[in-house]
Amino acid sequence: QVRLVESGGGLAQVGDSLRLSCTASGSTSGSARIGWFRQAPGTERTFVAAITRSGGREYYSPSVKGRFTISRDNVENTAFLQMNSLRYEDTAVYYCASAPARSDWTGYYYDTSAYDYWGQGTQVTVSS
């Protein structure tokens with residue numbers, strides 16, 4: 001079992017930066033893969049970024065590539081999402097999710113079904 005707690009959301013202006021954190025507790029094997037997703041009102045939850053345990057592989061949605069950076073600190077059991085050059089359309093609730101190491105994860109890391117555990121979400125609001 002893994003418990004994930006996000007923090008760092010809030011109100012920002014267009015062009016600002018925010019850094020989200022996701023702290024995991026419980027089974028470390030269950031947090032081998034970390035993903036960030038977001039959900040705006042009335043829309044589905046969509047993939048933002050993902051990272052493997054070693055940090056050797058990072059994946060990004062085209063809409064955030066070049067602006068957002070995912071990273072993790074395995075000593076602190078925390079993953080981060082550095083969000084730069086924020087846009088109005090980045091407004092959403094951001095969720096972190098984790099999954100154990102599965103050989104097929106790289107085939108569907110962008111899908112919510114690839115993750116076993118979810119945090120409660122943190123709101124990010126970008127205003128002009």
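Starting from 1, each residue takes its place in the sequence as its number.
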Asks: Show every salt bridge (charged side-chain N to carboxylate O under 4.0 Å, His left out) that has at least one partner inside residues 13-30, sequence neighbours left out.
Replies: none
Asks: So, for A24 and L4, which heavy atoms are closest and what is the spacing to 0.1 Å?
Replies: CB-CD2, 3.6 Å
Asks: Kindly compute the distance separating CG (L20) from CD (Q82), expressed to the nearest 0.5 Å.
Replies: 9.0 Å
Asks: What salt bridge (charged side-chain N to carboxylate O under 4.0 Å, His left out) pairs are there with at least one residue in residues 27-36, not counting sequence neighbours?
Replies: none
Asks: From R72 CZ over to C96 SG, what is the distance, rounded to the nearest 0.5 angstrom?
Replies: 10.5 Å
Asks: If you look only at pairs with a residue in residues 65-98, which of them pass as a ring-ring contact (aromatic ring centres under 6.0 Å, His included), with sequence neighbours excluded?
Replies: none
Asks: Treat each ILVMFWY residue as a node, draw an edge where side-chain heavy atoms are under 4.5 Å apart, and state whether I70 and L86 are in one component.
Replies: yes
Asks: What is the minimum heavy-atom distance between I34 and S98, and which atoms define it?
Replies: CD1-CB, 3.7 Å
Asks: What's the shortest heavy-atom distance between S128 and V14, and which atoms?
Replies: CA-CG2, 3.8 Å
Asks: Would you list the pairs meeting salt bridge (charged side-chain N to carboxylate O under 4.0 Å, His left out) in which at least one residue belongs to residues 86-112, sequence neighbours left out?
Replies: R38-D90, R67-D90, R102-D116
Asks: What pair of heavy atoms forms the shortest contact from T23 to E76, and how long is it?
Replies: CG2-O, 4.4 Å
Asks: T91 vs V124, test: side-chain contact (heavy atoms from CB on, under 4.5 Å). Steps then yes/no.
Replies: CA-CA 5 Å; T91 296; V124 171; 5.9 Å; no
Asks: So, the side chain of Q120 versus the backbone of V5: is there a donor-acceptor pair under 3.5 Å, distance only?
Replies: no
Asks: Under a plain distance cut-off of 3.5 Å, with no hydrogens placed, do D73 and T78 share a side-chain donor-acceptor pair?
Replies: no
Asks: Mind running side-chain contact (heavy atoms from CB on, under 4.5 Å) on I51 and R57 for me, showing each step along the way?
Replies: CA-CA 6 Å; I51 190 168; R57 289 190 182 181; over 6 Å; no
Asks: Work out which heavy atom in A92 is nearest to a heavy atom in A40; give both atom names and the distance.
Replies: CB-N, 3.9 Å
Asks: In the structure I gave you, are the side-chain heavy atoms of P100 and S29 within less than 4.5 Å of one another anywhere?
Replies: no
Asks: Does anything in residues 4-52 pair up under ring-ring contact (aromatic ring centres under 6.0 Å, His included), and if so which pairs, sequence neighbours excluded?
Replies: F37-F47, F37-Y115, F37-W118, F47-Y109
Asks: Looking at CG of L18 and CG of N84, how far apart are the two atoms once the value is rounded to the nearest 0.5 Å?
Replies: 9.5 Å
Asks: What are the two closest non-hydrogen atoms of L11 and S127, and how far apart are they?
Replies: CD1-OG, 4.3 Å
Asks: Find the distance between CG (L81) and OG1 (T122) and round it off to the nearest 0.5 Å.
Replies: 11.0 Å
Asks: Same cluster for M83 and Y59 if Ile/Leu/Val/Met/Phe/Trp/Tyr side chains link at under 4.5 Å?
Replies: no
Asks: Show every side-chain hydrogen bond (donor to acceptor under 3.5 Å, both in side chains) that has at least one partner inside residues 42-55, sequence neighbours left out.
Replies: Q39-R45
